Amino acid sequence: MGVETFPVLTTRRDAVIAWGQKNSLWPMPFGTACCAIEFMGVVSSVFDLARFGAELVRFSPRQADLLLVAGTVTFKQAPILKQIYEQMCEPKWVISMGVCASAGGFYNTYCTVQGIDQIIPVDVYISGCPPRPEAILQAVLKLQDKIDNPKAVPPAQFKAKEPSFDY
Amino acid sequence: METAILVEKLKARHPDAVLGSTDRYGTLEIQVDRNSIDRLVETLRADSELSFNMLVDLVSIDYSAYPGWTGDRFGLAYLLKSLALGHRLQLKVAVPEEEPVVPTLSHLFANANWLEREAFDQMGIRFTRHPNLKRLLNHHEFVGHPLRKDYPITRRQWLSANESLMDEMEVRLKEKGYE
């Protein structure tokens with residue numbers, strides 16, 4: 001019996017929900033530095049993040065499910081980032097954009113958090129200072145893979161760290 | 001105004017305050033006694049022939065790792081400019097480590113308020129009669145002064161809770177006429 005005569009498709013509920021989630025990520029940019037300017041380039045027409053369903057940029061954490069941390073996070077900023085992450089509804093994902101958010105960058109100083117994974121869990125890291133727009137598209141695709149296969153076990157070196165500082 | 005005349009004029013007005021003067025890369029530098037900097041700047045600002053009406057910058061210096069330095073540990077450099085007459089002046093103040101206290105200029109220049117807060121935050125120099133001497137760049141739980149040479153550059157300090165800043169807000173609201 002073909003699809004033409006019996007227009008019903010059976011699947012798993014998880015798979016349908018994951019399909020919906022991965023194709024309509026609503027990003028919230030936590031932009032603190034030049035990476036946030038690069039993010040503007042990704043969402044605008046030339047690179048067009050909308051092709052991957054993540055074009056609806058929200059500036060309220062309560063309406064977003066993808067937190068895009070773009071830029072240097074200082075110790076003064078750290079409780080704010082933690083609070084914004086906690087304000088987001090489940091399910092939520094985090095992309096750490098650029099080397100400053102991922103590892104502190106060249107700010108090896110008294111004032112800069114050496115990677116936001118010390119405070120909040122991170123799903124995808126992007127290298128670069130700032131990253132090319134293609135790298136951000138790649139990160140969104142990687143995140144979509146992750147949402148699609150929630151049970152997939154990443155190789156040990158790519159395992160997400162537990163946050164080391166507890167608020 | 002000729003720099004020599006300017007120095008003579010200041011010396012006549014404040015004989016105790018002016019300790020010396022040098023030419024620093026084409027800009028006149030006057031070494032000033034720490035406790036009379038506010039009186040001297042008041043004169044520089046009020047006198048119509050001088051009219052230094054702009055505080056360009058306030059720089060704090062830690063000389064503890066300076067080669068061959070024998071003077072006081074800290075220093076402050078006040079960069080002044082006259083918008084009307086176009087001349088510049090640098091005032092240098094030596095600040096001892098045991099008592100890093102200097103009179104404030106915040107009643108003369110509005111931007112001195114934040115510049116002095118920065119010097120207090122980063123270098124630990126205190127300013128007497130400052131209306132709001134608290135940390136500007138580092139968070140309120142920070143211990144120590146990071147631009148001092150003896151502060152380890154990678155000593156990081158977590159902030160447990162964000163400041164509400166309502167005390168700042170209340171001052172602004174009052175300034176704008178809201179209660």
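Chain identifiers are assigned alphabetically (A, B, ...) following the order of the sequence lines, protein sequences preceding nucleic acid strands; residue numbering begins at 1 within each chain. Quick caveat, the model's predicted, so the values are computed rather than measured.
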_Tell me the closest heavy-atom pair linking D123(A) and K92(A), and the distance in Å._
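Here D123(A) and K92(A) meet closest at OD2-O, 4.4 Å.
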*State plainly whether the residues D145(A) and K22(A) are in salt-bridge range, i.e. N to O under 4.0 Å.*
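No.
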*Among the listed options Q83(A), K82(A), Q114(A), Q118(A), the residue most often paired with chain B at heavy-atom distances under 4.5 Å*: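 Option with the greatest count: Q114(A).
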_Can you tell me which of I80(A), T74(A), N108(A) forms the most heavy-atom pairs within a distance under 4.5 Å of chain B?_
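Heavy-atom pairs under 4.5 Å are most numerous for N108(A).
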*Look up atom CE in M28(A) and atom CG in L66(A), then write down how far apart they are to the nearest 0.5 Å.*
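Here the interatomic distance stands at 10.5 Å.
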*Answer with side chain, backbone, both or neither: which region of Q157(B) has an atom nearer than 4.5 Å to a non-hydrogen atom of chain A?*
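Backbone only.
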*Are K81(B) and F52(B) in a cation-pi contact, defined as NZ or CZ under 6.0 Å from the six-membered ring centre and within 45° of the axis?*
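K81(B) over F52(B) ring: no.
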*Based on non-hydrogen pairs under 4.5 Å, which of H140(B), R156(B), H139(B) is most in contact with chain A?*
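Winner by heavy-atom pair count: R156(B).
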